[in-house]
Amino acid sequence: MASVFSLIVAGEIPCYKVAEDENHLAFLDINPVAPGHTLVIPKREVNYLFDLPDEEYVALELFAKRVARAIDAAMPCKRVAEAVIGLEVPHAHIHLVPINTEGDLDFHKKTELSGDEMKSIAARIAEKF
Ligand code: AMP
């Protein structure tokens with residue numbers, strides 16, 4: 001069965017898209033830790049990030065770096081934090097979260113945002129990509 005992220009790649013379920021290239025996709029986390037919380041994935045479905053072949057892992061990180069720069073430019077924050085969890089969705093992904101303090105990277109705290117707010121944040125980041 002395809003992962004929920006593969007269904008997003010296939011366009012079968014919607015996402016708030018931030019950036020895309022041939023092999024990668026970035027979209028807002030539906031349950032964000034902070035406004036601008038973005039997931040970066042390889043389009044090819046591999047369960048565990050650290051099982052990616054070196055070349056694909058490096059390409060994903062380079063894509064994530066460009067997305068992080070766009071988040072930096074679009075969202076007021078001191079840093080963009082990067083995290084890997086992967087306990088919920090078995091499709092390799094990197095979390096990018098704009099933060100001002102260490103406490104902002106708390107995966108138990110979620111931020112409520114409306115669909116319109118998510119749309120506008122995604123557009124702001126996409127514009128800087
Ligand atoms: P983890 O696999 O533990 O890194 O967590 C998966 C992350 O994916 C969580 O932060 C979820 O909120 C997020 N997520 C799950 N389904 C979707 C979706 N359809 N669109 C965007 N984000 C999602």
Side-chain angles (χ1 to χ4, degrees):
M1 203 179 81
S3 75
V4 64
F5 292 170
S6 285
L7 296 177
I8 288 176
V9 170
E12 285 172 32
I13 62 171
C15 72
Y16 297 100
K17 186 160 95 178
V18 160
E20 183 173 18
D21 72 9
E22 193 189 342
N23 298 314
H24 310 102
L25 181 66
F27 52 91
L28 295 185
D29 193 299
I30 204 72
N31 204 4
V33 163
H37 178 177
T38 298
L39 301 176
V40 179
I41 67 165
K43 289 183 180 175
R44 185 169 90 84
E45 184 174 332
V46 170
N47 181 334
Y48 186 37
L49 182 76
F50 300 122
D51 281 338
L52 282 173
D54 287 359
E55 225 171 89
E56 289 178 39
Y57 177 78
V58 169
L60 179 68
E61 279 291 355
L62 289 175
F63 180 77
K65 179 181 173 184
R66 289 180 60 206
V67 175
R69 286 300 196 192
I71 296 171
D72 257 326
M75 306 301 296
C77 64
K78 277 197 184 152
R79 293 282 179 182
V80 173
E82 178 175 309
V84 174
I85 305 177
L87 289 173
E88 185 188 319
V89 177
H91 183 137
H93 56 280
I94 292 169
H95 294 257
L96 296 175
V97 183
I99 60 167
N100 291 302
T101 68
E102 206 178 295
D104 291 343
L105 194 65
D106 179 351
F107 283 86
H108 297 295
K109 267 197 241 148
K110 302 292 179 170
T111 306
E112 289 280 331
L113 294 168
S114 68
D116 281 349
E117 285 171 316
M118 293 285 274
K119 224 165 138 180
S120 129
I121 289 167
R124 268 161 58 195
I125 300 170
E127 196 184 271
K128 301 289 184 186
F129 182 73

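Counting starts at 1 for both ligands and their atoms, in listed order. For clarity, every value in this text was computed on a predicted model and none was experimentally measured.
In the candidate list D29, I41, L7, D29 is nearest to atom 7 (C) of ligand 1, counting heavy atoms.
In this structure, F107 has no heavy atom closer than 4.0 Å to ligand 1. Using 4.0 Å as the threshold, C15 has no heavy atom nearer than that to any atom of ligand 1. Residue contacts with ligand 1: V84 is excluded, as none of its non-hydrogen atoms falls under 4.0 Å.
The side chain of L39, and not its backbone, has at least one atom closer than 4.0 Å to an atom of ligand 1 (non-hydrogen atoms only; side chain from C-beta on).
Close N/O approach between L87 and ligand 1 is found [any backbone or side-chain N/O within under 3.5 Å]. Remark: ligand 1 and G86 share an N or O pair separated by less than 3.5 Å (distance only, no angle test). Ligand 1 has no nitrogen or oxygen under 3.5 angstrom from a nitrogen or oxygen of F27. By the 3.5 Å distance cut-off applied to N or O atoms, H37 is not counted among the residues near ligand 1. Polar contact with ligand 1: present for V89 (N/O pair, distance under 3.5 Å). Checked by distance only, ligand 1 and H93 come closer than 3.5 Å through their nitrogen or oxygen atoms.
You'll find the side chain of I94 stays beyond 4.5 Å of the side chain of V67, heavy atoms only. In this structure, the side chains of F129 and R66 come closer than 4.5 Å at one or more pairs of heavy atoms. Under the 4.5 Å side-chain criterion, counting only non-hydrogen atoms from C-beta, H93 is not in contact with F27. Proximity of L25 to E20: side-chain heavy atoms (C-beta onward) are separated by under 4.5 Å at one or more points.
Less than 4.0 angstrom separates some heavy atom of N31 from each of these atoms of ligand 1: 12 (O). Taking a cut-off of under 4.0 Å to the non-hydrogen atoms of L28, the atoms of ligand 1 that pass are 21 (C).
Atom 5 (O) of ligand 1 has E88 CB, 3.5 Å as its closest protein atom, hydrogens excluded (heavy atom only). The single protein non-hydrogen atom nearest to atom 16 (N) of ligand 1 is F5 CE2, 4.1 Å, given as residue, atom name and distance. The protein atom (non-hydrogen) at minimum distance from atom 23 (C) of ligand 1 is I30 CG2, 3.6 Å.
Not a single donor-acceptor pair under 3.5 Å links the side chain of E56 to the backbone N or O of P53. Judged by distance alone, the side chain of K43 and the main-chain N or O of D21 form a donor-acceptor pair under 3.5 Å.
In this pair, H95 and F107 present their aromatic rings perpendicular. The plane angle is above 60°, beyond the 30 to 60° band.
Here the shortest heavy-atom pairing between P42 and A92 reads CD-O, 3.2 Å. Shortest non-hydrogen contact noted between R124 and A74 is NH2-O, 3.2 Å. In this structure, N100 and P76 approach most closely via the heavy-atom pair ND2-O, 4.1 Å.
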